Amino acid sequence: MTVTTHIESAQSRVRAERAAVERKLESVETFADRVADLSTDPVPSAAVGVTATAGPRRRGESRATDRCRAVRTAFAETIRPHSLDDTDGTEPLLSTIRAELTDGIAVALAPTTDVSFSVELKEAIIAETHARRVEAETLVTALDRERSALDDAASTVEDVTGWLVDADETPLTDLGFDALRARHETLATHRDRCRDLADRRQAFLDESTASNSGAGISHRTLVPYLYEDFPVDHPVLSTAARLDAVCRTCQRAVRDHLVRRA
């Protein structure tokens with residue numbers, strides 16, 4: 001007997017997603033460090049430079065422009081490759097900055113915006129970067145909880161499927177009355193375990209993962225995001241229901257043999 005489940009695929013998906021979030025978290029921290037290293041000290045505006053294309057321009061303005069460019073470059077080299085809104089790399093850089101940091105910061109950093117790299121702008125960027133870090137850390141915690149729940153489900157599923165495979169090797173016609181009754185009782189126990197697994201999963205989905213900041217991720221929100229490409233929306237619940245149905249079918253077959261021999 002072959003019993004197909006989705007638990008192992010779900011475990012692989014969670015491991016891959018956690019690794020991706022860890023990479024993004026590292027990129028966010030690197031970006032924050034690079035922004036923190038940029039100076040906002042005012043440059044004397046008395047000295048004026050001249051460019052071939054733009055005409056007179058104050059050196060202070062040039063320095064501010066360079067710093068904004070440095071922030072854009074740092075973002076492009078760190079966070080952008082890990083942004084969910086720019087996974088294919090075709091989204092304009094400022095659009096990705098807007099999605100990850102806010103519209104106001106994207107406008108301030110735009111090459112066409114005459115905004116200096118002030119203390120206020122730097123602090124705003126660092127504050128938003130901290131928020132992204134908290135979100136990533138919260139997601140890691142939620143993924144760890146999902147991984148633990150999947151491990152628990154896998155233990156139950158492996159026990160039930162293992163017993164079904166072993167039991168299927170012995171035809172019911174080869175079993176005596178007592179052996180048939182024992183098998184019927186074992187199947188009832190396994191059905192109870194499947195229903196208990198489904199109840200635990202439903203209770204888990206009703207919970208959320210809270211971070212130190214008080215923000216949290218609802219498991220009912222996380223699960224559809226994780227398994228959107230799966231053939232089933234809820235791999236654990238689907239597996240529990242499928243196993244219960246298999247055990248019920250086997251139980252009926254055993255009951256028929258018991259009735260005929262009674």
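These figures come from a predicted structure and were not determined experimentally.
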Could you please spell out the steps behind the side chain to side chain contact (heavy atoms under 4.5 Å, CB included) verdict for Ser118 and Thr40? CA-CA 6 Å; Ser118 63; Thr40 59; over 6 Å; no

Does any N or O in the side chain of [X] come within less than 3.5 Å of the main-chain N or O of [Y], such that one atom is a donor and the other an acceptor?
X      : Y      : result
Thr113 : Val107 : yes
Arg183 : Ala167 : yes
Arg67  : Ser39  : yes
Ser155 : Asp151 : no

Taking Asp152 as the fixed residue, which of Arg193, Arg147, Arg200 is the one that meets the salt bridge (charged side-chain N to carboxylate O under 4.0 Å, His left out) rule? Arg200

If we count only N and O atoms by modelled type, under 3.5 Å, do the side chains of [X] and [Y] hold a donor and an acceptor together?
X      : Y      : result
His130 : Arg133 : yes
Thr102 : Glu128 : no
Gln251 : Arg191 : yes
Thr249 : Arg252 : no

Grab the two heavy atoms, one from [X] and one from [Y], that are nearest each other, plus how far apart they are.
X      : Y      : answer
Arg220 : Pro224 : O-CD, 2.8 Å
Pro235 : Ala10  : CG-CB, 4.1 Å
Ser238 : Val232 : OG-CG1, 3.6 Å
Val160 : His190 : CG2-ND1, 3.7 Å
Ala136 : Val21  : O-CG1, 3.6 Å
Leu121 : Ala108 : CD1-CB, 3.7 Å

With salt bridge (Lys or Arg N to Asp or Glu O under 4.0 Å) as the test, would you mind laying out the steps for Arg34 and Asp37 before giving the verdict? CA-CA 5 Å; Arg34 290 174 64 170; Asp37 288 340; over 6 Å; no

Phe204 and His219 aromatic ring geometry - parallel, tilted or perpendicular at 30°/60° bounds: parallel

Measuring from atom CZ of Arg18 to atom CG of Leu226, what distance do you get when rounded to the nearest 0.5 angstrom? 13.0 Å

One should read off an interatomic distance between Arg98 CZ and Ile105 CD1, to the nearest 0.5 angstrom, of 11.5 Å

Any side-chain heavy atom of [X] sitting closer than 4.5 Å to one from [Y]?
X      : Y      : value
Val134 : Thr138 : yes
Leu150 : Val236 : yes
Leu243 : Leu164 : yes
Thr5   : Arg242 : no
Val140 : Glu137 : no
Thr221 : Ser208 : no
Thr30  : Ser27  : no
Arg69  : Phe117 : no

I would like to know whether Val157 and Leu197 meet side chain to side chain contact (heavy atoms under 4.5 Å, CB included); could you show each step before the answer? CA-CA 9 Å; Val157 170; Leu197 172 59; 4.1 Å; yes

Does Glu207, at its CD atom, have more than 12 non-hydrogen atoms belonging to other residues, nucleotides or ligands within less than 6.0 Å? yes

Identify, with sequence neighbours excluded, every residue that meets side chain to side chain contact (heavy atoms under 4.5 Å, CB included) alongside Arg23. Ala19, Ala20, His82

Carboxylate-amine/guanidinium contact Asp244 Arg248, below 4.0 Å: yes

Under 4.0 Å between a Lys/Arg side-chain N and an Asp/Glu carboxylate O for Glu135 and Lys24? no

Worked verdict on Phe75 versus Leu101 for side chain to side chain contact (heavy atoms under 4.5 Å, CB included): CA-CA 10 Å; Phe75 183 92; Leu101 298 181; 4.1 Å; yes

Just to verify, what does Arg201 make a side-chain hydrogen bond (donor to acceptor under 3.5 Å, both in side chains) with, not counting sequence neighbours? Glu146

With Ile125, the side-chain contact (heavy atoms from CB on, under 4.5 Å) member among Val71, Ile97, Leu38: Val71

Applying side chain to side chain contact (heavy atoms under 4.5 Å, CB included) to Gln11 and Val14, what does each step give before you reach the verdict? CA-CA 5 Å; Gln11 290 174 311; Val14 170; 5.9 Å; no

